[in-house]
Number of protein chains: 6
Amino acid sequence: MRLQHATWQEVEAYLQHATGIILPIGSTEQHGPNGLVGTDAICPEAIAWELGEREGVLVGPTLSLGMAQHHLAFPGSISLRPSTLIALVRDTVVSLGRHGFTHVFFLNGHGGNIATLSAAYAEVYAEQSMGYASPLASLNLTTHNWFAGPRVRELAQALYGNAEGSHATASEVSLSWYACPQAVKQVAMSPTVAPVGSAQCHAEAFRRRFPDGRMGSNPALASVEHGRRFLEAGVDDAWEAYQAFIGQA
Amino acid sequence: MRLQHATWQEVEAYLQHATGIILPIGSTEQHGPNGLVGTDAICPEAIAWELGEREGVLVGPTLSLGMAQHHLAFPGSISLRPSTLIALVRDTVVSLGRHGFTHVFFLNGHGGNIATLSAAYAEVYAEQSMGYASPLASLNLTTHNWFAGPRVRELAQALYGNAEGSHATASEVSLSWYACPQAVKQVAMSPTVAPVGSAQCHAEAFRRRFPDGRMGSNPALASVEHGRRFLEAGVDDAWEAYQAFIGQA
Amino acid sequence: MRLQHATWQEVEAYLQHATGIILPIGSTEQHGPNGLVGTDAICPEAIAWELGEREGVLVGPTLSLGMAQHHLAFPGSISLRPSTLIALVRDTVVSLGRHGFTHVFFLNGHGGNIATLSAAYAEVYAEQSMGYASPLASLNLTTHNWFAGPRVRELAQALYGNAEGSHATASEVSLSWYACPQAVKQVAMSPTVAPVGSAQCHAEAFRRRFPDGRMGSNPALASVEHGRRFLEAGVDDAWEAYQAFIGQA
Amino acid sequence: MRLQHATWQEVEAYLQHATGIILPIGSTEQHGPNGLVGTDAICPEAIAWELGEREGVLVGPTLSLGMAQHHLAFPGSISLRPSTLIALVRDTVVSLGRHGFTHVFFLNGHGGNIATLSAAYAEVYAEQSMGYASPLASLNLTTHNWFAGPRVRELAQALYGNAEGSHATASEVSLSWYACPQAVKQVAMSPTVAPVGSAQCHAEAFRRRFPDGRMGSNPALASVEHGRRFLEAGVDDAWEAYQAFIGQA
Amino acid sequence: MRLQHATWQEVEAYLQHATGIILPIGSTEQHGPNGLVGTDAICPEAIAWELGEREGVLVGPTLSLGMAQHHLAFPGSISLRPSTLIALVRDTVVSLGRHGFTHVFFLNGHGGNIATLSAAYAEVYAEQSMGYASPLASLNLTTHNWFAGPRVRELAQALYGNAEGSHATASEVSLSWYACPQAVKQVAMSPTVAPVGSAQCHAEAFRRRFPDGRMGSNPALASVEHGRRFLEAGVDDAWEAYQAFIGQA
Amino acid sequence: MRLQHATWQEVEAYLQHATGIILPIGSTEQHGPNGLVGTDAICPEAIAWELGEREGVLVGPTLSLGMAQHHLAFPGSISLRPSTLIALVRDTVVSLGRHGFTHVFFLNGHGGNIATLSAAYAEVYAEQSMGYASPLASLNLTTHNWFAGPRVRELAQALYGNAEGSHATASEVSLSWYACPQAVKQVAMSPTVAPVGSAQCHAEAFRRRFPDGRMGSNPALASVEHGRRFLEAGVDDAWEAYQAFIGQA
């Protein structure tokens, strides 16, 4: 069930039997010569919608903006500062906690979000840990990175080996194409496999290190059919992780 | 053109001939017995996507969360605090200004966002007005409320008269249903037309004033066909407003 | 009764029978060639003091600084950022709520404050709406713009018609002169009626659009005697609005 | 010259020959049984206005709210948090620095403001000290506490000796009465001289320590005639301090 | 060389030939029945001081407070909120960047700091990435977790195997005892090896999961002699990481 | 007892009979030609450790960073902005209050911290004073400046007279040398006694006023033996102040 398509009475009914929710979160940033700016939001959204339909889990609105400061030297990238993303997550989960949700599962599509999401959860927990009366006493927060799930990793290794890379990867490009087949682009890559390195730097340094935006990847290997398989793997990984999370008190 | 479906090279090419962008912004909040929680994001998104396709304007990711504190007593509503929304808007437009965008047109679907968006623009402008060197010197920001455009208002008056109301209106429910026909709901309304009043209060007071979430409206009058007409009216209103905005230096 | 001239015991006694308070709020900003930098604070202060005396309503200290970033290219203008004004309003109303005040009526003299004041109220309400125990549970906040009251608007229309304009207007100059007759200035205006346009921009753009600071007005039409009549109209408008506000729970 | 009564062209002319400005700053807080809630703003305002007129120094709007958290258990007291006051001071002096003011002289009436004002100046200076290009390079900021000037202290000692105390003092009550003779109150004090102690505590503790709000004082000794003498002493002290400050680069 | 023991002229001389600095960062939090509250600061400090002496690298003051909200249900634990730690790191590295330092190497002793440190670096980088002129253009920031270095991990595995655990580990207890031999405590552990689980929760949940504060460890295996070997391994790991970091532009 | 060397069970036991704690706080900043960058932290730390041992008072971790923006033109100085230091102090004392500590005694070594510490305490108190339920209801906060204690002042006057000065003083250099005898430096001073003046300015102005960093002092008079005497005087002053503080409710 998608929250965006529900009425408040339907949410009220859902809360009678379940108190977990999935929030897809991504980023709006360059993904190399043939990857979409929206890749990091499109991928977890596709997985979340499919999972929500199959298993009857509520899926909230996709958060399309993330922490992408290192990509800002490429046109079209938009970044929140970590402090802004922390505030955004805080208000979102406080709102959900207010209604009785106890488990918020961030289905994440962007490696650059991981640290700030973790900091955001600590910011929320700290309020209660510091001794304040809080409406958040039973709130549990976690991140599931779809691209790091065991089935997804196995599939990427099988299909691409070392050419998978770590940004603008063939796996995420495949999945985004499967979700948005009208946006498939055929672009030659040069070099075939992009250079590797660290992304912990400012935007100018990032662009110097990774001139066309890719990190260690060859997304020319991507295909819509691969995307279909990544969706299946991603849904299975996420469902497994979600069930384990919901069991946690 | 949708930013989410573009590569960074395509954005770079767009910036050679145009420096305006449309950002749909909504809210995630109750919309009465037959309205969708996502109504305020779905409506401007539908208009922006259609306009972007017709006129070749770049459309950024939809910002689905807004300032909705007064709706928080209804399950499913999520609100950002005004201070959080200001930070979110600031980072977004700074990122865009960094790439050379000069006109950011927020296509807004939620009345509760209007004041905070205006405050956010002032927060951004103030930086430069206070004498700091800034990458934002040529940035122009505006809000277009699709529901307040002249053609939309005329149509709503013609179709619903006083039963249009001001929240969970028949016009927005119609448009959201046209965009998401699978989510049409038939629900009886009691009373037929909801009470009127002020929404400037906290969530508990709001729910006391508006028990089922509607304000002055009878959304049982909504239909998918009406939604089609609202889309046309909304696109025309938005295009007119966008062109006037782009002409401003 | 003016809070500034009361002892705390007198405030305590007032709270036995009334829990509303009026706070004049303005701005410190250029008002064209013959208008005072303090106009936006002087006008609501004059109305509030007169109303307070006639009707026995408590009037708090005048907040002379507002959101005036667009005026900063004119010497003497001082602006708070919206985020600062939100914090200022928040602390003020929390302090008042702590004492048992339930209705805070901001008598506003500056159009540029309206959006930020609305955002500030939402910031205060959100705390409680998000589920936190709060000392503010029964706090009501509103803005009354003296210049937009029905009697004031009618008088301005009758006296100045289209030459009233929207900033450095003849009506506000008149009222400020009546309140501060020693500060009356006779200055020739060129052009007679200033250009019109939008004030949603940064300070340099504002000054380019409105070279002497006026927006659409001819304040050479102002007079002390007009000011006396605006005070009467303003007091009646404010009293009507205040009574309606106090009746709201 | 009062900024509130000037036009922007008059401020522009002033800046041709002088770049200093006086800002009265006070607090809105209880001042014992016969002292006014506005005492701390009224006193420096009276001195600033007199000094401004005598010496032709520009005087900005009075900042009537200060850091008064310890007084909040007494009705009518309003406090800014230190973080809010820092933001307020920052925006104010940045606005002034933008116009070319180089020396901002806070004429302060409230002991509780001293530390936060000092912190606020450091917050402003730090921006530049940390290596950022800043429009504030030549800005100088200082606090002059009128109640601590040598002539004022000598007069208070001569008139009241140990019964002067440190809050709701006979000297400040006298000066506020001279400025607002209509607000003189005759109230019996019990005990005659209030207890002494520390004000660094929260509001409940403060009220326990100082049941009627006075600290070590006997303001029943105050008179309008004393107030006239404190005004003279205060103007002379402030003028001396202002001249020394203006000489500093 | 320790910054705390240097004069500013000695720092100036150091900057002539080197622009890197090591900052030990830890936490103040419970470390089980025989571990010290200061463990996480003591360990990286010991390594940093030894490394600084051997290799002539400048070592800054130890930051003893970190992000430890999950430990707050155990007496003595002190936590910064992530937002506070971000501000602290930001000001620290801006100060260092101002002097010409180009590489700041956080030698970290606390797993709970990792995410927030990463967010803090992004917050600093974002300023420049968003297009602002910045004194930080050549600043590089990294975290080295002493407990995750290859030599340290190998030694812990050899000495303790699975009884090493993840909090209040035998390795960190050993190193802290070697650094502070006067603080060695002999305490019986029950159970011998503590339970395992996730630390991403609030303080009450953490204490329920880990009743004596240990996570998966048996620190009764710790010894001063082991600590000496961990110091050696830790210095070698850190030096290797530092050299790689300094080589990065 | 040092918190860093205690287990949580030892802290729990301490809290059974005492609820006060000493926190040494300093700064990392230039101290002239022969003074250490760490002087302001080393001195209160030495006094706190000695006092903690003699009297059994718990001593927390040393906070080595303070408000030192005016020293930033000298290499090695690190400053927190006042807003950051306020957040740091707030989180620290909230954490301690959560455990049941009622009296936090900041043993301060840096004049530049005094105002911001006072503002920080007010920020903490304000939360409760504004009417919020708080875990901090019985928290008391104070600053003791070791360099301003009566015995220390008397000794400095006896040893150095007017050559003591106000920054990089012979007394603090002596005490830091006694604590760190390996860091004694013999440097010629020119002029013998440094110029005097105000430190309330930005870093460039400070360095212009005080070219080698000293303010009014001749630290060539310092000696390790003097340091021993300052430690004794400082411990006695601090103990007296601590006992008075603990007696305050």
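Order of the sequence lines fixes the chain letters, A, B, ..., with proteins taken first and strands second; residue numbering starts at 1 for each chain.
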Describe, in one word, how the ring planes of Y242(F) and W239(F) are oriented to each other, choosing from parallel (under 30°), tilted (30 to 60°) and perpendicular (over 60°).
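Rings of Y242(F) and W239(F): parallel, as their planes differ by under 30°.
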
Shorter than 4.5 Å, heavy atoms on both sides: which option in A119(D), G112(D), A87(D) has the most such pairs with chain F?
A119(D)

Name the option with the most non-hydrogen atom pairs under 4.5 Å to chain F; the candidates are S198(D), S79(D), S129(D).
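Greatest number of close heavy-atom pairs with chain F: S129(D).
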
Who wins among S83(F), A203(F), S118(F), C201(F) for the most heavy-atom pairs under 4.5 Å with chain D?
C201(F)

Using a cut-off of under 4.5 Å for heavy-atom pairs, which of H70(F), H71(F), Q128(F), M67(F) has the most such pairs with chain D?
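Heavy-atom pairs under 4.5 Å are most numerous for Q128(F).
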
Under a 4.5 Å heavy-atom cut-off, does chain F meet the side chain of E204(D), its backbone, both or neither?
neither

Give, as side chain, backbone, both or neither, the part of A122(D) having an atom under 4.5 angstrom from any heavy atom of chain F.
both

Taking atom types as modelled and ignoring hydrogens, do the side chains of H31(D) and D40(D) form a donor-acceptor contact shorter than 3.5 angstrom?
yes

Inspect the surroundings of CD in E55(F) and state if more than 12 heavy atoms from other residues, nucleotides or ligands are less than 6.0 Å away.
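Enclosed: over 12 neighbouring heavy atoms sit under 6.0 Å from CD of E55(F).
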
Side chain to side chain donor-acceptor pair (under 3.5 Å) between T62(D) and E45(D): does it pass, once the steps are laid out?
CA-CA 6 Å; T62(D) 301; E45(D) 183 179 81; 2.6 Å; yes

Go through F210(D) and F206(D) one step at a time and tell me if the ring pair (Phe, Tyr, Trp, His ring centres under 6.0 Å) criterion holds.
CA-CA 6 Å; F210(D) 311 105; F206(D) 184 95; 4.8 Å; yes

